[in-house]
Each structure stands twice: as C-alpha cells, then as structure tokens.
Undergrad: 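The structure that follows is given in the form of structure tokens.
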Amino acid sequence: MPELPEVETVRRGLASHIEGRQIVDVTLNRKDLRFPFPDNFARRMTGMRIAHFTRRAKYLLAELHAPQNSEAPLYWLSHLGMTGRYMLYQPDGGNMEPGQYAHDVSAETAEKHVHVRLTLDDGAVLTYADPRRFGFMDLVDGAPEASSFLAHLGPEPLGNGFDAAMLYAACQGRKSPIKNVLLDQTVVSGLGNIYVCEALYMSGISPRRLACNVGRARLERLVPAIRTVLQAAIEAGGSTLRDFAASDGQLGYFQHQFRVYDREGETCSSDGCHASVKRIVQSGRSSFFCSACQR
DNA sequence: AGGGGGACCTGTGCGC
DNA sequence: TGCGCACAGGTCCCCC
C-alpha cells in the first residue's frame with residue numbers, strides 16, 4: 001500500500017508500539033520477497049532493540065541497536081511494494097493494522113501470505129504479509145542514506161527541499177509528460193500514481209502536458225497542491241489509526257476520498273463543471289483527469 | 001542519456 | 001458457475 005501517506009500511516013501506527021522493544025525472534029517463511037533477504041537476516045535482527053522507526057520516501061527504516069554495546073546501529077529497511085502490509089498482534093489483544101487501502105485484498109487472503117514474523121520482548125508479534133511480493137527488506141550498515149535504495153531519491157515532497165524552483169529546474173528539457181516526472185523518485189520521492197493524479201487535478205494541469213511546457217505559475221500551484229493532497233491523506237490515515245486503537249483491528253478501513261482517481265466516467269467534482277472524468281494510459285499506468293479543468 | 005515497455009507476482013472483478 | 005481477461009499502490013532492468 002504504497003504511496004507516501006500510506007507508508008507514513010503505517011509508520012505512525014507502529015512506531016509507539018515497537019520503539020524501545022527488543023526483537024526476540026525472527027521467522028522467515030521464504031527466502032525472498034522481490035529480492036532475497038540479506039544473508040543472516042534473522043540472526044542479525046534477533047536480539048536488537050528498535051530505537052527509532054522512521055520513513056524516507058516510501059521506505060520504512062528501523063534503527064536497531066545491539067544491547068550493552070555502543071557499536072554503530074544497523075538499519076532495517078523495508079518497502080511495501082504494491083501489496084505489503086504489517087499487522088501487529090499485541091499481547092492484550094489490541095491488534096492493529098495501520099494503513100489499509102482501497103484495493104487491498106481481504107485480511108483473510110493477506111494471512112495466507114505472511115512471509116516475516118517478528119516477536120518482540122513484550123510478547124507482541126509483528127507480521128509482514130505481501131501477496132504479490134513486490135516488497136523487499138534489507139539491512140544497512142552505516143548511514144542509511146548511502147544505501148543503494150535511498151542514495152538517488154529526490155527530496156521529500158513535504159520537506160523544505162521541494163519547491164517550485166527545483167521542480168522547474170527538473171522539468172527543463174524534459175520531453176515526457178509532467179505526470180511521469182512527478183512519478184520519477186529521483187526528482188521527488190514518495191509520490192505514486194494516485195496522489196499524482198489527485199495533485200494534477202487540484203492544480204488544473206493535464207497529466208499529458210510535457211514537463212518542459214509547464215510554466216512557473218503552474219508549478220507554483222502544483223507544489224502546494226501536492227503538499228495539500230499528501231497532508232490530507234496522512235490525516236485521513238491518522239483518523240483510521242484512532243479507530244484501530246479502539247478496536248480489535250477489524251475496523252477503520254482507509255476511507256480517503258479521491259477526487260478523480262478510479263472515477264472514470266463520473267462527473268467532475270469541480271464547481272460548475274459538467275465534464276466527466278477520463279482515463280488514459282501513460283507509460284502503462286492509468287491516469288484519471290478532467291480534460292475541461294486540466295490543461 | 002532519457003524514456004518506454006516488459007518483468008516481477010497474486011488477487012479481484014468483470015463480461016460472456 | 002466457470003473461464004479468461006484486464007487491471008491493481010512500485011520499481012528494476014533492458015533496449016531503443
């Protein structure tokens with residue numbers, strides 16, 4: 001469940017429960033996901049304490065420390081691919097699954113694809129399920145930003161390094177559609193198909209417009225639109241977290257409403273517009289937009 | 001060098 | 001009810 005807001009929701013949901021905990025057991029049900037697990041993955045994780053659980057783009061990062069020693073930390077990196085999901089089974093029965101998503105398979109189906117199981121020192125069990133196995137995990141020694149997975153990522157879209165000036169620079173000479181540029185994780189990292197469609201709709205820019213033909217004024221609208229769309233989705237995820245906290249994990253489906261994504265044929269939701277939402281395919285992926293509002 | 005298309009997987013939902 | 005096809009949040013890799 002992959003875009004930045006869902007990954008951030010997973011991070012927020014799990015962080016307070018796993019930070020400070022020691023990993024007492026790691027079980028792998030297979031030797032690979034998208035890539036093989038690194039050598040001695042389970043052995044290297046076992047006994048470590050989870051100090052911080054953070055996010056970079058769509059990656060989750062756990063900083064692990066060996067107890068009673070001050071060696072440099074080890075970083076556990078994971079990416080959810082398209083269908084990865086974490087479940088936390090707590091000893092008091094307050095189970096939780098943060099960050100569910102509209103296209104998820106059922107919980108029962110996900111159960112059949114649990115590939116990793118961590119037991120923590122408070123008795124909680126953290127599982128990772130991933131039916132399509134596009135997700136992956138790695139262990140990183142030293143600075144995680146130097147990892148080959150993170151080294152080439154562009155700035156965080158919600159951070160200070162992302163603004164209209166840098167996006168304008170990135171668009172110069174780019175003959176591909178603006179949509180493709182926004183999906184390029186080396187330009188800005190964390191956006192995916194859904195929120196790019198939503199942000200382009202919100203800022204009135206056609207997904208087909210070539211990046212080199214998007215003027216400064218449009219980019220000045222696009223950047224805050226991206227931020228607004230992501231923030232709203234994170235807040236919607238946060239509201240589901242509260243539902244989960246009060247339940248046994250069966251409630252709180254991710255209810256974020258999309259304005260254009262997956263709404264082909266529906267009437268455009270902009271005031272006074274009676275056009276219908278179109279779907280086209282760009283670089284093999286669906287784009288949803290209003291050809292009247294977006295130019 | 002940049003960009004497009006295929007590959008990696010399984011599940012789901014639709015039309016016939 | 002069953003079968004086949006299209007499609008799904010991502011990104012890596014090859015080839016033009």
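All values below come from the heavy atoms of this structure, side chains included, with hydrogens, waters and symmetry mates left out. Note that the structure is predicted; figures quoted are calculated from it, not measured. Naming: A, B, ... by sequence-line order, numbering from 1 per chain.
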Undergrad: For A:Asp130, which contact category applies under a 4.0 Å heavy-atom criterion: base, sugar-phosphate, or nothing?
TA: nothing
Undergrad: Below 4.0 angstrom from OP1 or OP2 of B:dG4, is there any side-chain N or O of A:Arg285?
TA: no
Undergrad: Please give the distance between the P atoms of B:dA1 and C:dT11 as a whole number of Å.
TA: 23 Å
Undergrad: Judged by modelled atom types alone, do A:Thr83 and A:Arg132 share a side-chain donor-acceptor pair under 3.5 Å?
TA: no
Undergrad: Choose from B:dT10, B:dT12, B:dG4 the nucleotide whose nearest atom is closest to any side-chain atom of A:Arg133.
TA: B:dT10
Undergrad: Under 4.0 Å: is that the gap between some side-chain N or O of A:His79 and OP1 or OP2 of C:dG10?
TA: no
Undergrad: Does a salt bridge link A:Arg44 with A:Asp141, judged by any charged N lying under 4.0 Å from a carboxylate O?
TA: yes
Undergrad: May I ask you to verify if any side-chain N or O of A:His113 is less than 4.0 angstrom from the OP1 or OP2 atom of B:dG11?
TA: yes
Undergrad: Check if the side chain of A:Arg34 and the base of C:dT11 share a donor-acceptor pair of N or O atoms closer than 3.5 Å.
TA: yes
Undergrad: Verify the distance criterion only: is there a donor paired with an acceptor across the side chains of A:Ser189 and A:Tyr59 at less than 3.5 Å?
TA: no
Undergrad: Just compare B:dG3, C:dC12, B:dT12 and give me whichever is closest to any side-chain atom of A:Phe136.
TA: C:dC12
Undergrad: Using the P atom as the point on both nucleotides, what is the distance between B:dC9 and C:dC14, in whole Å?
TA: 16 Å
Undergrad: Using a 4.0 Å heavy-atom cut-off across all strands, classify A:Gly192 as base, sugar-phosphate, or nothing.
TA: sugar-phosphate
Undergrad: Think A:Ser286 has a side-chain N or O under 4.0 angstrom from the OP1 or OP2 of C:dA8?
TA: yes
Undergrad: Atom CZ of A:Arg85 and atom P of B:dC9: how far apart are they, to the nearest Å?
TA: 21 Å
Undergrad: For the base of B:dC9, is there a side-chain donor-acceptor partner from A:Arg132 under 3.5 Å away?
TA: yes
Undergrad: C:dG10 phosphate, OP1 or OP2: any side-chain N/O from A:Asn193 under 4.0 angstrom?
TA: no
Undergrad: Look at the aromatic rings of A:Phe288 and A:Tyr261 and report parallel, tilted or perpendicular, splitting at 30° and 60°.
TA: perpendicular
Undergrad: As a test of reading the structure: which of C:dC7, B:dT12, C:dG10 is closest to the side chain of A:Arg279, going by heavy atoms?
TA: C:dC7
Undergrad: Could you check how far CD of A:Glu3 sits from C1' of C:dG10, rounded to whole Å?
TA: 9 Å
Undergrad: Is any side-chain nitrogen or oxygen of A:Thr109 closer than 4.0 Å to OP1 or OP2 of B:dG11?
TA: no
Undergrad: So, A:Phe134 and B:dC8: ring centres less than 5.5 Å apart, planes less than 30° off, yes or no?
TA: yes
Undergrad: Kindly point out which of C:dG10, C:dT11, B:dG3 is positioned nearest to the side chain of A:Gln185?
TA: C:dT11
Undergrad: Are A:Ile280 and A:Phe289 close enough, and set up right, to give a side chain to side chain contact (heavy atoms under 4.5 Å, CB included), and what steps lead you there?
TA: CA-CA 8 Å; A:Ile280 59 173; A:Phe289 70 111; 3.8 Å; yes
Undergrad: Phosphate oxygens OP1/OP2 of B:dT10: is one of them under 4.0 Å from a side-chain N or O of A:Lys112?
TA: no
Undergrad: Respond yes when some side-chain nitrogen or oxygen of A:Lys175 is under 4.0 Å from OP1 or OP2 of B:dG2, and no when none is.
TA: no
Undergrad: Across all strands shown, which nucleotide pairs with B:dC9 by Watson-Crick or G-U wobble geometry, both distances under 3.5 Å?
TA: none
